[in-house]
J.: 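Let me begin by handing over the structure; questions about it come next.
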Amino acid sequence: AKAAGLKAILWNLGDVGPILADEASLDIGAFAFEQPRKGFDITIAQVREVFGPNRCILGNLDSELMLQRNDPDEITAAVHDQIVGSGVGAPFILSFGSPIPSDTPESAIDTITKAVRGFSWS
């Protein structure tokens, strides 16, 4: 990928906490990881601290349980927490830790869009 001028994205599942420094030492363009609901807890802020302010991080919103609950306040808070956790001006792509299930309510996706568009650093 690099020889072709492309950026490599490393995706990792499971508890990345213990190996985060090793992951950050790799020459990759971006880092993506699974949502933190399988008995471990990792935040965008923790990943940003280790990867630094210049490397892209992909978010890990809960694509299953949270979206099925479809609570607009919960979804908005999760989106805003991830943006803030990444830091002002740091490269970040709001994303999910797993694929979005086909039975996800469309209104949950609409809430994510509204939360991103409504976010303000002020």
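Along the sequence shown, residues are numbered consecutively beginning with 1.
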J.: If Ile, Leu, Val, Met, Phe, Trp and Tyr residues are connected whenever their side-chain heavy atoms lie under 4.5 Å apart, and connections chain through other members, are I9 and L26 in the same group?
T.: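 Looking at the clustering, L26 is in a separate group from I9.
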J.: Closest approach of S107 and N70, non-hydrogen atoms and distance?
T.: OG-ND2, 2.8 Å
J.: About how many Å separate CE of M66 and CZ of F96, when rounded to the nearest 0.5 Å?
T.: 6.5 Å
J.: Could you walk me through whether L67 and T111 satisfy the side-chain contact (heavy atoms from CB on, under 4.5 Å) test, starting with their C-alpha distance in whole Å, then the side-chain angles of each, then the deciding distance to 0.1 Å, before giving a yes or no?
T.: CA-CA 10 Å; L67 293 184; T111 300; over 6 Å; no
J.: Over all heavy atoms of both residues, which pair between I42 and G17 is shortest? Give the atoms and the distance, please.
T.: CD1-CA, 4.2 Å
J.: Do S86 side-chain atoms and Q82 backbone N/O form a donor-acceptor pair below 3.5 Å?
T.: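 Between the backbone of Q82 and the side chain of S86 there is no qualifying donor-acceptor contact (under 3.5 Å).
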J.: Are the side chain of K2 and the backbone of D27 linked by a donor-acceptor contact shorter than 3.5 Å?
T.: yes
J.: Distance from T76 atom OG1 to D73 atom CG, nearest 0.5 Å?
T.: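 Here the interatomic distance stands at 6.5 Å.
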J.: Nearest 0.5 Å please: distance from the CD atom of E49 over to the CG atom of L20.
T.: 9.5 Å
J.: Spell out, as yes or no, whether a donor-acceptor pair under 3.5 Å connects the side chain of S98 to the backbone of S63.
T.: no
J.: If you measure from CZ on F92 to CZ on R48, what distance do you get to the nearest 0.5 Å?
T.: 8.5 Å
J.: Is there a path of hydrophobic side-chain contacts, each under 4.5 Å between heavy atoms, that joins V88 and F51?
T.: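 Result: yes, single cluster for both.
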J.: Just how far is it from atom CG of D62 to atom CD1 of I100, taken to the nearest 0.5 Å?
T.: 11.0 Å
J.: Going only through I, L, V, M, F, W and Y residues with side-chain contacts under 4.5 Å, is there a path from I19 to L13?
T.: no
J.: With rounding to the nearest 0.5 Å, note down the distance linking CG in L61 to CD1 in I44.
T.: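 Here the rounded value is 8.0 Å.
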J.: Would a single hydrophobic cluster contain both L6 and W11, if residues Ile, Leu, Val, Met, Phe, Trp and Tyr are joined by side-chain heavy-atom contacts under 4.5 Å?
T.: no
J.: When you group the ILVMFWY residues by side-chain heavy-atom contacts below 4.5 Å and let the links chain together, are V84 and L94 in the same group?
T.: yes
J.: Looking only at heavy atoms, which two atoms of A24 and R55 are closest? And how far apart?
T.: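 Smallest heavy-atom distance, with atoms named: O-NH1, 2.6 Å.
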J.: Please check this pair: side chain of T104 against backbone of P101, looking for a donor-acceptor N/O pair closer than 3.5 Å.
T.: yes
J.: Hey, can you tell me if F31 and F33 have their rings parallel, tilted or perpendicular (30° and 60° cut-offs)?
T.: parallel
J.: Keeping the roles fixed (side chain from S25, backbone from D22), state whether a donor-acceptor pair exists under 3.5 Å.
T.: yes
J.: Is there a side-chain contact (heavy atoms from CB on, under 4.5 Å) between N60 and T43? Walk through the geometry before answering.
T.: CA-CA 8 Å; N60 66 336; T43 67; over 6 Å; no
J.: Which heavy-atom pair separates Q68 from P105 by the least distance, and what is that distance?
T.: NE2-CD, 4.2 Å
